[in-house]
Amino acid sequence: MKPKTTHTPIPEAEKLYERAAKAELAKDLDTAFRLYVQAASAFLNLSRVPAHPHIQEQARKDADRALERAERIKAVKRDLAPVLRNPHALEEQQLVLKRGSVVNRVAAPLWADPSSELGAAGTLFSDPDGLLGLSPEQREAGVVWRRPSEVFANAKLFSPEFRPEDLVQRVVADCSLCASIIICLLHSRTHDSEAALPSLYPRGPDGRPQLSPTGGYELKVLFNGAHRRVVIDDRLPFLPDGCRMCMTSRGRKDIWPSLVEKAYLKLMGGYDFPGSNSSTDIHALAGWVPDYLEVKSPSFQREQTWSRLVRGFGDGQCILTVGTDNRRIADRGHVKLLPAHCYAVIDVKETESGSRWLTILDSWLSRDDSSNQVDALLEDLSLGNEGFIDMAWDDVCALFGSICISWNPEMFGGRLLYHGIWRTTHPSRAGSDESVHQTLRLLFERPKGAPRPGEEVWTLLTRHRIDTRRSSEFISLHAEYDDGHLDAPKDFADTVKTQGVYTDNPHVLVRMIVRDASGTITLNVSYDGPFDDIGFTVTAYSGLTMRWDETLRTLPFDLKISGALTAKTSGGNYTLHTYMLNPQYRLRVPATTQSGPPAKTRVEVSLHAPRDLPVNAMVTWGRGERVFDLVQSDIVATSGTYTYGFARFSAELPQGDFTLTVSAFSPTHQGAFSLLVCSSRRVEVDPIPQEGAGMFNKILHGKWENGARPQYALELPTPANVKIRLQPHAPAFVRVELFAGMGRPPLASSGSFTDARSGAVTAQVALRAGQYIIEAAVDGMAGTDDTFSVVVYSSSAGIRLAPLQ
C-alpha cells in the first residue's frame with residue numbers, strides 16, 4: 001500500500017503515509033483519513049518547493065496516491081471528523097515563503113539562507129543564470145556586454161558627490177524604477193539616512209556598498225513576503241562607443257545605479273521590462289509601505305491627500321512620484337508630459353500665502369547628452385533640459401493619473417505578518433478554510449500608559465508573484481472593526497457604502513483609526529484570477545500591541561446555495577423601493593435538546609460573487625417571511641459595508657426563524673452568487689418566494705401632478721384573487737385602494753398613508769369578473785417629478801390595466 005519512491009527519502013511525509021496505512025488496516029478510518037490528508041499535504045508541499053524535477057514529480061505522484069486512499073475512505077464513511085491544520089504554524093508560514101523563492105524562473109532565496117560564493121579570489125564572477133534578456137531598443141542599438149573595468153579606467157561604485165539629478169534613464173522602459181531610485185537618493189541626502197536606499201552588497205567596514213573584487217553583487221529585496229537575495233555579475237549593456245545603454249549617471253562613472261537596476265530587472269524578467277509603479281518598486285528595494293492613489297478615482301480625496309503629503313514629506317516619513325496615464329497630454333505652457341511616464345517628486349511645499357506646490361524631476365535623457373546615437377532613439381522630451389518644474393497641486397491633480405506614495409515603516413512602533421495561500425481546489429475538508437477568500441482576525445491592545453487618542457492601524461495585502469508578466473490577476477482587502485459583540489448589529493448607515501474594490505496592483509493598503517483600548521479588526525483578503533495556489537502576505541503596522549487570532553474555528557455543518565441577482569431579483573440596497581425584490585431565505589435555527597437555558601447556535605455566512613459585484617448579506621428578525629422594508633432594530637447580523645465579490649458575517653442566533661437577504665448595492669449590479677452557511681448545529685435554509693409568486697402581474701407607471709390622485713381601470717375577464725402594490729420612486733406617504741365603482745366604499749385598502757420604501761399594499765381579495773377602479777393616493781402636494789408604479793397581482797391571466805379617462 002506504501003507508494004513506491006525512487007528518490008531521496010522524505011521521512012516525514014512517508015511516515016505519515018505509513019501511519020495512515022496502519023490505521024486503515026486497523027479499521028480506524030477517522031485517523032487513517034486524517035493521516036492520509038496530512039501525508040498528501042506534505043507530499044504536495046514538497047512538490048511545490050524548488051528541487052530536482054524528478055523529486056517534485058515523484059512527490060506529486062505520492063500525493064495523488066495518498067489522496068486516492070483518503071477519497072476511498074470518504075466514500076465509505078460519510079461522517080468523518082474534519083481535518084484541521086493551523087495556517088499560523090511556523091512550518092506553514094515558512095512553506096509559503098519557500099514557495100516564493102523562484103521568480104520568473106530565477107532563484108530568489110531567502111536572505112536568511114546561506115549566501116552563495118560570488119567568485120574565488122583572483123577570478124571574475126559570472127552569473128550562473130546567464131545574461132539578462134535585452135529590450136528591443138537595446139538589441140536594435142547593437143549593445144554588447146562588458147564589465148565596467150573594461151571600459152572605465154577608474155570606475156566607481158557610488159561617489160559621495162553623486163546627486164539624484166545625475167541619474168539618467170536610457171531607453172529601457174523602467175521610468176518608475178529610475179524615479180524610485182531618484183527619490184530614495186534624495187531622501188538619503190536630505191535626511192542623512194539610508195532607510196530608503198536599496199541594499200547592494202558587498203559592503204565595507206563602514207557599512208556602505210563597495211566595489212566587488214570579483215564583479216559579483218547581491219541585492220537585498222523584499223519580495224513575496226520576505227527579504228531575498230538576487231545575485232548578479234557586473235557585466236552591463238554598452239554601446240560600441242562605451243556609453244552604457246541602461247540606467248546611468250550623467251557625466252560620471254558611478255555604476256551603483258546600473259547594478260541596482262540590473263539586479264531588480266533580473267528579478268522582473270529582464271531589461272524588456274513591462275513597467276511598474278514606484279510604490280511597488282520601493283517596497284521591493286527598501287521595504288517602504290506602498291500607497292497607490294488613482295487621482296481620477298471617485299474615492300480620491302484631494303484635500304486630505306495634500307495634508308498627509310505635506311506633513312509626511314516634511315518629516316521625512318514619505319517619498320513619492322506622480323504618473324501620467326496612456327492618454328497623450330498636450331503641452332501646458334513650456335511643459336510637455338509624456339504619456340504613461342513616471343516623474344520623481346523632489347519637493348512638496350505650502351507657502352505662507354497658502355499656495356501648494358510640487359517640484360518634479362524627470363530622469364529621461366536630455367538632448368544635451370553626449371551620445372548622439374542614444375539621442376537619436378528618443379522621440380520626445382519632457383520638462384525641458386534642466387528636468388525640473390514647479391507645479392501647483394491643482395495642476396498635478398488635473399494632469400496626472402496616479403500618485404505613488406511610499407511610507408517609512410519605522411514610523412510605526414511595530415508590525416505583524418501573516419503568509420497564506422489562496423487555493424481554489426481542496427483535496428479534502430482540510431483546506432476548507434482556504435479559497436479565493438480568506439478571513440483573518442487581528443487583535444490589538446493599547447499598551448498600558450499609552451495616550452488615549454485614536455491610533456492608526458495600517459494593513460497591507462501583497463500578492464506573491466512567481467511570474468511578473470502574468471496578467472488578469474486581481475486582489476482585494478476589506479478591513480472592518482469588530483467590537484466583539486456578535487449580537488450587536490453594525491451601524492445601519494454604514495451598510496450603504498462600497499469597499500474592497502479589486503485591483504491588479506500587487507499591493508492593497510487600508511488605513512483605519514481605532515479608539516478603543518482593545519478590539520478586533522476582521523480582514524477579508526480575496527483573489528480573482530485564472531491561477532491556483534497564489535501566495536500572499538498581510539502586514540499590519542501600528543503602535544498598538546498586535547497579534548493574530550489563531551483560534552481554529554470549524555463548524556460541523558454547512559449548506560451551499562446557488563442563486564443569481566437578475567433584472568427581476570436585484571433590488572439594490574435598503575434605501576431603494578426595490579429592496580424587497582432581493583433573494584431572501586428563511587433561516588431556521590432549531591431548539592436545543594439539552595436541559596437548562598436555551599443555547600445559541602453559531603452561524604457563519606459567506607457570500608461569493610463576481611469581483612465587480614458589490615454585495616451584502618444580512619439576517620433580520622423577519623420570522624422567515626419576506627422582508628419588504630428595513631429598520632435598524634430589525635437587523636440581527638450583517639456583513640456591513642457592500643464589498644466587491646465577497647461578504648461575510650458571524651452571529652450567535654437563538655432558536656427561531658430569521659430572514660437572510662442577499663443584495664447588491666444597486667439594481668444594475670447583477671450576476672450569479674453562492675452562499676455558504678456553516679453552523680454549530682444543523683440549520684435549515686429555504687428560499688422565500690417573491691411577492692405574487694405563482695400569480696400573473698401587470699405593471700403600470702404613473703406620476704402625481706398638482707395633488708391629483710390618479711385612477712386606473714382594472715378589467716378582470718374571469719374571477720380572480722387580486723393583490724395591489726403602489727410603489728413611489730421617491731420617499732412619500734402613499735395609499736392604494738380598490739373600488740367597485742365611483743362613490744362606492746373600497747373593496748380593498750392598504751390602510752393609512754405609509755412612508756414605507758416598498759410602498760403600500762392591499763390584502764389579497766377575491767373578485768368577480770368585471771371592471772374596478774384603482775386609486776393611487778399621495779398625502780400632500782407631490783413634486784412634479786414624483787413618479788410611481790402600480791403592480792397588480794392576479795390569479796388569472798388576461799387582466800387589463802389602463803389610466804381612467
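Nothing fancy with the numbering, it's 1 onward along the sequence. Note: hydrogens, waters and symmetry copies are ignored here, and every other heavy atom, side chains too, is used.
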### Closest approach of D281 to L177 (non-hydrogen atoms, all atoms of both residues)
OD2-N, 3.3 Å
### Summary
Looking only at heavy atoms, the pair that brings R228 and S101 closest together is NH1-OG, 3.0 Å
#### Entry: L460 and H283, any side-chain heavy atoms less than 4.5 Å apart
yes
### Query
Ring centres of W422 and Y527 under 6.0 Å apart?
yes
#### Entry: Where at least one partner belongs to residues 291-319, residue pairs that pass ring pair (Phe, Tyr, Trp, His ring centres under 6.0 Å), sequence neighbours excluded
W306-W393
### Task
Would you name the heavy atoms of L219 and V260 that are closest together and state the gap between them?
CD2-O, 4.0 Å
### Message
Taking the cut-offs as 6.0 angstrom to the six-membered ring centre and 45 degrees off its axis, would you call R611 and F474 a cation-pi pair?
### Response
yes
### Set of side-chain hydrogen bond (donor to acceptor under 3.5 Å, both in side chains) partners for E550, sequence neighbours left out
none
### Query
Taking the side chain as C-beta and beyond, is there a heavy-atom pair between L293 and T305 under 4.5 Å?
yes
### Message
On a heavy-atom basis, which atom in T459 and which in A479 lie closest, and how many Å separate them?
### Response
OG1-CB, 4.3 Å
### Message
Evaluate V514 against Y481 for side chain to side chain contact (heavy atoms under 4.5 Å, CB included), listing each step before the verdict.
### Response
CA-CA 8 Å; V514 295; Y481 178 68; 4.2 Å; yes
### Query
Is the distance between the ring centroids of H88 and Y418 less than 6.0 Å?
yes
#### Entry: Nearest heavy atoms of E480 and G640, plus distance in Å
OE2-CA, 4.0 Å
### Query
Between the side chain of R105 and the main-chain N/O of V102, is any donor-acceptor distance below 3.5 Å?
no
### Message
Can you give me the closest heavy-atom contact between G225 and T537, atom names plus distance?
### Response
CA-OG1, 3.3 Å
### Query
Do side-chain atoms of K266 reach the backbone of I232 as a donor and acceptor pair under 3.5 angstrom?
no
#### Entry: Criterion side-chain contact (heavy atoms from CB on, under 4.5 Å) against I403, the qualifying member of V345, L320, T321, N277
L320
### Message
For E456, is there any backbone N or O sitting under 3.5 Å from a side-chain donor or acceptor partner on S542?
### Response
yes
Under 3.5 Å donor-acceptor pairs involving side-chain atoms of residues 178-188, not counting sequence neighbours:
{"unit_1": "S180", "atom_1": "OG", "unit_2": "S176", "atom_2": "O", "d": "2.5"}
{"unit_1": "H187", "atom_1": "NE2", "unit_2": "G316", "atom_2": "O", "d": "2.8"}
{"unit_1": "S188", "atom_1": "OG", "unit_2": "S193", "atom_2": "O", "d": "3.0"}

### Task
Tell me whether the centres of the aromatic rings in Y201 and W111 are closer together than 6.0 Å.
yes
#### Entry: R547, CZ atom: more than 12 neighbouring heavy atoms under 6.0 Å
no
### Task
Assess whether atom CG of D192 is packed by more than 12 heavy atoms of other residues, nucleotides or ligands within 6.0 Å.
no
### Query
Ring centroid separation for H419 and F536, is it under 6.0 angstrom?
no
### Message
Using modelled atom types and a 3.5 Å cut-off, is there a donor and acceptor pairing between side-chain atoms of R465 and backbone atoms of V103?
### Response
no
### Task
Hey, can you tell me if Y642 and F665 have their rings parallel, tilted or perpendicular (30° and 60° cut-offs)?
perpendicular
### Query
For R469, does the CZ atom sit with more than 12 other heavy atoms under 6.0 Å from it, leaving out its own atoms?
yes
